[in-house]
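Single-structure report; data block below.
If you're wondering where the values come from, they're calculated on a predicted model, not measured in any experiment. Reckoned from all heavy atoms, side chains included, excluding hydrogens, waters and symmetry mates.
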Amino acid sequence: MLTAPRARRGRAPARARRAALLLALAVPAAGLLGIPAAGAAAQDVGQQARSADLAVLRAMRVPAAWRASRGSGVTVAVLDTGADPAALDLPGVVTTGPDYTRGADPAGYQPPHLHGTYIASLIAGRGNGPGRAEGVIGVAPQARILSVRVILDDSEPGFGVYNENADYYDAIASGIRYAVRHGASVINMSLGSTVATRSMRQAIGFAVSRNVVVVAAAGNDGQSGGRYTPYSYPASFSGVISVAAVSAGGQRASFSDQNSSVVISAPGVGVVGDGPGRAYLRGSGTSPASALVAGVAALIRSKYPRLSPALVTQAIVGSARRVPHRGYSTATGFGEADAAAALARAGRLAGQAARPAGLAAGAHFGGGPAGPVVVVPRDLARIAATSAIAAAALLCFVATVIALTVRRRRRRAAARRPARLAPPAAP
């Protein structure tokens with residue numbers, strides 16, 4: 001497995017920086033596994049990819065979660081550089097939405113869909129080979145992917161055009177709205193910018209209000225020290241599950257952003273995923289970490305489709321492992337995502353949401369010298385009758401007050417009038 005050198009990121013103009021930083025969350029270090037067309041070598045590579053993939057899944061206890069859910073019936077929208085439907089581990093999984101970057105690349109150019117394919121496989125890869133025992137299998141292998149192209153891989157010739165053209169300013173917001181209107185239950189965005197645009201914020205509000213879980217990468221601008229990094233958007237918007245990257249030992253990856261927007265963490269170092277054509281990628285970044293958590297959200301949504309985005313977040317956060325010493329840290333959030341525990345917590349939350357509020361009639365609560373308080377059931381007929389009697393009594397009282405007031409005023413008026421002499425008697 002060959003590792004390519006880390007790509008340099010140049011500074012861009014103020015407007016272009018928004019788009020340029022979107023691709024800053026692309027996998028910082030990537031390597032390709034070339035797969036021959038056929039033969040034992042291809043099988044070896046497929047088995048190697050599966051072995052590396054299972055190590056990550058086991059770290060998140062995903063195989064244990066598969067006993068309850070595999071993501072069936074859920075569509076995860078991947079807003080990225082586009083996913084290749086012909087990738088080895090994505091047969092029949094990807095539905096392609098619109099391309100909101102159209103026109104940036106030269107006419108006739110075929111985008112590589114590098115980053116988007118990698119992310120999609122981590123969420124819903126099916127594997128390949130005999131019994132699908134080779135290649136990459138995603139966290140939610142029975143989910144479907146809605147691929148919406150909103151950014152470009154930095155190797156594309158139109159990358160500069162995309163950065164400098166205001167026509168693509170709202171590409172991500174448009175992609176969010178399209179995904180919501182076309183049946184996505186979960187949206188993953190392994191991208192980000194330090195600029196909080198109004199259109200993106202409104203689009204995320206639209207998604208959450210339509211019961212869609214939104215997951216995003218926290219960012220790859222972290223430093224090895226304890227210094228905080230700038231907020232990245234959409235991850236830092238309210239309602240978004242912001243995901244940091246950790247190593248196999250649970251420590252924050254040196255590149256992972258560190259600020260108070262971080263909600264949860266997941267493996268993000270040396271994660272193997274599918275690539276376009278017959279190749280695999282090994283990458284490190286908050287991009288794969290975000291995709292893995294989006295897969296966990298898909299498992300929950302499949303098992304408990306009516307659970308709100310807030311409760312899905314609560315299930316993931318409340319079941320995390322490797323919880324920081326004080327319960328939360330800006331490095332790893334509330335801990336590292338645990339798929340099996342998250343599903344179990346989601347089940348309890350779904351049960352609580354289904355139960356009626358309050359206590360049953362005859363139940364007791366409290367104690368003390370006066371004894372427990374008995375819960376009295378609400379008798380709607382009695383309440384209505386009592387309310388009618390009270391209203392009638394109030395009307396009678398008001399009428400009486402008015403009558404007495406009028407009578408008193410008349411008496412006072414009569415007392416103030418001067419006495420008149422009686423007319424003289426007739427002679």
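- Residues T286 and V243 fail the side-chain proximity criterion, which asks for heavy atoms closer than 4.5 Å.
- Between Y280 and V136, the closest side-chain pair of non-hydrogen atoms falls below 4.5 Å.
- With sequence neighbours left out, the ring pair (Phe, Tyr, Trp, His ring centres under 6.0 Å) criterion links Y231 to no other residue.
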- request: Report the C-alpha separation of N163 and F159 in whole Å, then their side-chain angles, then the decisive distance to 0.1 Å, and conclude whether the side-chain contact (heavy atoms from CB on, under 4.5 Å) test is met.
  value: CA-CA 6 Å; N163 287 349; F159 184 72; 3.4 Å; yes
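- In this structure, CG in D170 is found 11.0 Å from CZ in R198, a value given to the nearest 0.5 Å.
- Considering every non-hydrogen atom in both M189 and P234, the closest pair reads CE-CG, 3.6 Å.
- In this structure the side chain of V78 reaches within 4.5 angstrom of the side chain of I119, judged on heavy atoms.
- For the atom pair L349 CG and T313 OG1, the distance stands at 11.0 Å (nearest 0.5 Å).
- Side-chain contact between I316 and V296 is present, with at least one heavy-atom pair separated by less than 4.5 Å.
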field: Stepwise side-chain contact (heavy atoms from CB on, under 4.5 Å) check, R126 with R132
entry: CA-CA 7 Å; R126 296 289 199 271; R132 298 204 174 277; 4.2 Å; yes
- prompt: Given the rule in the side-chain contact (heavy atoms from CB on, under 4.5 Å) test, do V150 and L191 qualify, once you have shown the distances and angles that lead to the verdict?
  reply: CA-CA 10 Å; V150 296; L191 47 81; 4.0 Å; yes
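- Listed by chain and residue number, nothing satisfies the side-chain hydrogen bond (donor to acceptor under 3.5 Å, both in side chains) test with T96 (two or more places apart in sequence, or in another chain).
- Side-chain contact, H115 with D80: a donor N or O sits under 3.5 Å from an acceptor N or O.
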query: What do the steps show when you test I300 against L307 for side-chain contact (heavy atoms from CB on, under 4.5 Å), and what is the final call?
result: CA-CA 8 Å; I300 296 174; L307 208 61; 4.0 Å; yes
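- With a 4.5 Å cut-off on side-chain heavy atoms, M60 and L292 count as touching.
- Here the CG atom belonging to L343 is positioned 8.5 Å from the OG atom belonging to S319, to the nearest 0.5 angstrom.
- The line from CG of N220 to OG of S287 is 6.0 Å long, rounded to the nearest 0.5 Å.
- Distance check, rounded to the nearest 0.5 Å: CG of L146 to CG of N188 gives 12.5 Å.
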Using residues 64-74 as the side-chain source, report each donor-acceptor pair under 3.5 Å to any protein atom, sequence neighbours left out, with the distance given to one decimal.
residue : atom : partner : partner atom : Å
W66     : NE1  : V139    : O            : 2.9
S69     : OG   : G71     : N            : 3.3
S69     : OG   : L299    : O            : 2.8

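- V293 pairs with exactly one of V263, I123, V213, V215 by the side chain to side chain contact (heavy atoms under 4.5 Å, CB included) rule, that one being V215.
- In this structure, the side chain to side chain contact (heavy atoms under 4.5 Å, CB included) partners of R144, at least two apart in sequence or on a different chain, are T75, T95.
- With sequence neighbours excluded, the residues forming a side-chain hydrogen bond (donor to acceptor under 3.5 Å, both in side chains) with N211 are R301, listed by chain and number.
- Screening residues 99-112 for side-chain hydrogen bond (donor to acceptor under 3.5 Å, both in side chains), with sequence neighbours left out, gives D99-T101, D99-R149, T101-R149, D105-R149.
- With rounding to the nearest 0.5 Å, the separation of CD1 in I204 from OG in S209 is 12.0 Å.
- Minimum heavy-atom separation, P130 to E134: CD-OE2, 3.7 Å.
- A donor and an acceptor atom, one from each side chain of S261 and N259, are located under 3.5 Å apart.
- The side-chain hydrogen bond (donor to acceptor under 3.5 Å, both in side chains) search around D257 returns none, not counting sequence neighbours.
- In this view, R322 and E336 satisfy the salt bridge (Lys or Arg N to Asp or Glu O under 4.0 Å) rule, not counting sequence neighbours.
- For D338, the salt bridge (Lys or Arg N to Asp or Glu O under 4.0 Å) criterion is met by R61, not counting sequence neighbours.
- When all heavy atoms of S232 and G192 are compared, the closest pair comes out as OG-CA, 3.6 Å.
- The shortest distance between side-chain heavy atoms of R227 and Q258 does not fall below 4.5 Å.
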With a cut-off of 3.5 Å and sequence neighbours excluded, list every side-chain donor-acceptor pair involving residues 265-276.
residue : atom : partner : partner atom : Å
S265    : OG   : T332    : O            : 3.4
S265    : OG   : G335    : O            : 2.8
D274    : OD2  : D89     : N            : 2.8

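- Residues that satisfy the ring pair (Phe, Tyr, Trp, His ring centres under 6.0 Å) test with F334, not counting sequence neighbours, are Y328.
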I'd like a table of donor-acceptor pairs (distance under 3.5 Å, sequence neighbours excluded) in which one partner is a side-chain atom from residues 175-187, with atom names and distances.
residue : atom : partner : partner atom : Å
H182    : ND1  : Y178    : O            : 2.9

